[in-house]
Amino acid sequence: MRNKYISAFLCLGMGILYIAVPHTLLPVCEYAETAMGGHAAIASPMGHSTQSHMACFWTARAELGLGMLIIFGGLLPALSNSIEQRLGITLMFAASSVLGAAIPAVLIGVCPGETMPCRAGTLPALLILSGLFFLFSLLNVLFLNKRRKAGGNG
Amino acid sequence: MADKKFTLHWLALQNVRRKPYRNLGLAALVGIFSAILFGGSILNSQLGKGLESLSDRLGADVLIVPYGHEQIAKAALLRGEPGTYYMRKEALSRIREFPGVTAATPQFFLASLSASCCAERVQIIGFDPDSDFLIRPWIQNKITQLRDGEVVAGSKIRAGAGEEIFFFETTYRVAAKMDATGLGLDTSIFMPLSALYALMRDNPDIVRQIDSPEQYISSVAVKIDPALSPRDVGNAVMRAYAIEYNLDLIVAETIVSETARRLHTLSAAVYWIAAGVWALAFLVISLIFSVTVSERKHELSVYRLLGAQRSWLARLLQWEAFFICAGGALAGILAASCVVFPFSALIFTSLKLPYLGVSGLMAAGHALSVLAIAGVSGPLACLNTVWSVTRFDVYNTLREGE
């Protein structure tokens, strides 16, 4: 029984981190610039303002959605006593962690400059966070599977 | 088959697993010590290599910059923070003729605007190919001369050799890439002064205050006669021309010594904190082992009755201490690796210090050293307990509580 509350608590934490890392803890370029008193509009080569956003901005948006999904998903096991349901949700978390890493690394990406805030801070933080979340999901899957075979309720 | 499992190591591991929370606590303490020591030594090595690169690559003995732009010039040189500054060129010929000056070469520092969406600002450095002694030594094994429309890119510029790079609405071909220096040069683009002046003429909005770019330079890098003190000659140049041409002086030796001082401060802080945590871990392990062995006297007496020698008991306890410490150290090294390697750019950008990555071999060497220190600390910490184990009387211990 304790497992479901621990996993719900951890998922809540992970979901909050997925939202907080690219927005406030290690913000992507545009949020970092805004935090330093700059403005989010991007200057063109000759200094004209344009409406386009950097890739890292969209990565932060996607992680926001993923974080909310993880928080919502994290609450479900706490409401369920079925090991099979919790196992399924935990497998979804493992897949979400892969998505959490793929968004900044492959799917959307971050800015190319090595010293830019999103590449130097946000990207490694999201990759480490996703690695930890994957590890947690994997261990939980193994634990729940063991319980399922033993016929317990975890 | 079952007998084969009852080795000393296996038994020690089982004993460690039997008290998971207490041993996890001890391992966590060793883990914190290992993380601080390993993380700190990696950061120190990265900074040390950056410092080495700094003294190798500065090339000039003194830099003469416009008055009030000393910090901007240092930031551009050390950290690649883009900046644009300039002064009239007349000072150059006077500096070249100054007694004690063996060579002087002009440079122009121009900060690009954001070249395009998602590209960061870069420092464009114009150099004089005829008199240059700073840039050419590091690229001459790659190219002999730059043609029109060609630039040399720092190691952290995304475009590779042969690729094109676009800024100020002009496309340039990257003729060569410099090796990593750990300095601001890594995020800079180098081009001949003539090409930079042409670029400024074609885009007068870049530096609106300049009407005729050829009349301006940003800095003069100066080599001083080795028999003389660079600071003395630099100061003499300042006394002669500082007011007339509005000049400021940067002595290369000072930049290196300032960075070295910060390296030593960081090293001292890291090693003192690590030593403090190590002492705490040593004390706690020693105390916990002393208490638990008192609790385990019956168990240890049974081993003795079954024929175990005192030395065997001593080794059992020492292996337990070793497994706890080695496990903690491994976890600590792993945790520190997750911070220092991926975030080194962020850490050193915040510290405003030059750095260069360390090789895998060097990192492995640091990890093994930390593992060895932590691994040895456990058995050492419980030596006193081990000694007492070899002294208690089996018969009386087993009779206790009857």
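Convention: sequence-line order gives letters A, B, ...; per-chain numbering from 1.
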Decide if atom CZ of B/Arg18 counts as having more than 12 heavy atoms of other residues, nucleotides or ligands within a radius under 6.0 Å.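 Correct, the count exceeds 12.
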
Counterpart residues, side chain to side chain contact (heavy atoms under 4.5 Å, CB included), relative to B/Ser350 (two or more places apart):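 Side chain to side chain contact (heavy atoms under 4.5 Å, CB included) check on B/Ser350 returns nothing, list empty.
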
Ring pair (Phe, Tyr, Trp, His ring centres under 6.0 Å) partners of A/Tyr18, counting only residues at least two apart: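 With sequence neighbours excluded, A/Tyr18 shows a ring pair (Phe, Tyr, Trp, His ring centres under 6.0 Å) to no residue whatsoever.
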
Proximity of residues 120-139 of chain A to chain B, residues having a non-hydrogen atom under 4.5 angstrom: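 Near chain B, by residue number: A/Ala120, A/Gly121, A/Pro124, A/Ala125, A/Ile128.
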
CZ/B/Arg158 to CZ/A/Arg119 distance, rounded to the nearest 0.5 angstrom?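 B/Arg158 CZ to A/Arg119 CZ: 4.5 Å, rounded to 0.5 Å.
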
List for me each residue that meets side-chain hydrogen bond (donor to acceptor under 3.5 Å, both in side chains) alongside B/Gln71, sequence neighbours excluded, and say none if there are none.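 With sequence neighbours excluded, B/Gln71 shows a side-chain hydrogen bond (donor to acceptor under 3.5 Å, both in side chains) to no residue whatsoever.
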
